[in-house]
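Below is one structure, written out as structure tokens; the observations come after it.
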Amino acid sequence: MADANDIVTPEIRSWIGRKTPLTPLLVMGDSDIRRYADATDDRNPLWFDDAYAKEAGYKQRLLPPTLVGWVPFSLKENDDGTAKDDKPDLRRRVPVPPNYTNVRNAGSETEWLLPAYPNEQLSSQSVITDIVARQGRFGVGIYISQEEQVLNPAGQTVLRRRHTIALFPEKKI
Amino acid sequence: MSLKQPISFEDVKVRDSLPTAQHGPLTIVDTVRWAGLQENWQHLHYDRDHVREHNGLKTFIASGAYRQALLIRMLTDWIGPRGWLRKINVRHTYSTFEGDSMSFGGRVVRKSEDSSDRWIECELTGKNQDNKDILIGACTLVLPPR
């Protein structure tokens, strides 16, 4: 079994601190909100009804929190369903061993600072903050942490997130 | 639709329980809907044969982002249209497999004493049908005055 200290090579470790430029995210519109609501059965009128949202103090209906911080980071932008190389997510570009294909969500902290609205062009910048290997019951996992911030068209930060993914060799029971 | 605010800052006390939200049993329709929304085509979330052969799992599992989205929905439903989800952290501790149920809940652990910044902090839990933890977390919610 691989030793945890050997997995994170100097080349992998050199990714700590790498930062993306401020990059536009795919715009979330009405179709995305409908598909989100179908997936979660979340029929909150704040996401659908401008008058209702205005009565609650917003300028119009909002993006659900999940559509600000999670979904835009996952969407594929190339015709073949792959992510663009300049996508604001560095974690999957870290040169981990080729058999480390078993990706798990290891935890996150997300902070919403301002509302975000449908059809707004949001942008994101990310930085790799930590890469460690840990020996677990099922082998050595590589844990990659990234901090992301999402800005609205006025340049205001609407969301901050720290997210860790864990990568394991293909067989992890 | 007329606005109805279900809860205010004054209504909530430390140690109060949050409402619980039940979901499941998890089906392939649930996971494929989420995979389609997120364009997450990992076999882990819908392909039984693949995960048995390549991951050593008994069947496919729910995406962590999907479980977190359900947890967030519980919170935004509870705090109402004038409430604000400020922060959440979540650590996933056990997978949700096809056929499993999910139950999300929590309790209030701290409350602001500053009437100009009306936040509460809550512990969050997610459990499966066997009462096994699937996630743990915490959140900060801002509530409107009465």
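In the text below, chain A, chain B and the rest are named by the order of the sequence lines, each starting its count at 1.
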Exercise for review: Could you check A/N105 against B/R67 for side-chain contact (heavy atoms from CB on, under 4.5 Å), going step by step and ending with a plain yes or no?
Suggested key: CA-CA 11 Å; A/N105 183 339; B/R67 303 193 314 184; over 6 Å; no
Review point. Considering residues, nucleotides and ligands other than B/R91, do more than 12 of their heavy atoms fall under 6.0 Å from its CZ?
Key: no
Exercise for review: Check whether any side-chain heavy atom of A/D41 lies under 4.5 Å from a side-chain heavy atom of B/R73, and answer yes or no.
Suggested key: yes
Check your understanding: Taking C-beta and beyond as the side chain, do A/T110 and B/Q68 meet within less than 4.5 Å on heavy atoms?
Key -> yes
Exercise for review: Could you look at A/L113 and say if it's the side chain, the backbone, both or neither that has a heavy atom under 4.5 Å from chain B?
Suggested key: backbone
Review point. Considering only heavy atoms from C-beta outward, does the side chain of A/D42 approach that of B/D77 to under 4.5 Å?
Key: yes
Exercise for review: Could you walk me through whether B/E39 and A/L26 pass the side-chain contact (heavy atoms from CB on, under 4.5 Å) test, one step at a time?
Suggested key: CA-CA 12 Å; B/E39 297 186 1; A/L26 283 181; 5.7 Å; no
Exercise for review: Select one option (side chain, backbone, both, neither) describing which atoms of B/I72 are under 4.5 Å from chain A's heavy atoms.
Suggested key: side chain
**Study point:** Within 6.0 angstrom of B/R146 CZ, more than 12 heavy atoms from elsewhere
**Key:** yes
Exercise for review: Return the orientation label for the A/Y36 and B/W34 ring planes: parallel under 30°, perpendicular over 60°, tilted otherwise.
Suggested key: perpendicular
Exercise for review: Inspect the surroundings of CZ in B/R110 and state if more than 12 heavy atoms from other residues, nucleotides or ligands are less than 6.0 Å away.
Suggested key: no
Check your understanding: With a 4.5 angstrom heavy-atom cut-off, which part of A/I33 approaches chain B: side chain, backbone, both or neither?
Key -> neither
Check your understanding: Just by modelled atom types, is the B/W84 backbone N or O under 3.5 Å from a matching donor or acceptor in the A/W112 side chain?
Key -> no
Point to revise | Contact check, side chains of B/P81 and A/E55, non-hydrogen atoms, under 4.5 Å | key: no
Check your understanding: Contact part of A/A106 toward chain B, heavy-atom cut-off under 4.5 Å: side chain, backbone, both or neither?
Key -> backbone
Practice item. Kindly determine whether A/R162 and B/N89 satisfy side-chain contact (heavy atoms from CB on, under 4.5 Å), including the steps that lead there. Key: CA-CA 9 Å; A/R162 181 184 172 91; B/N89 67 63; over 6 Å; no
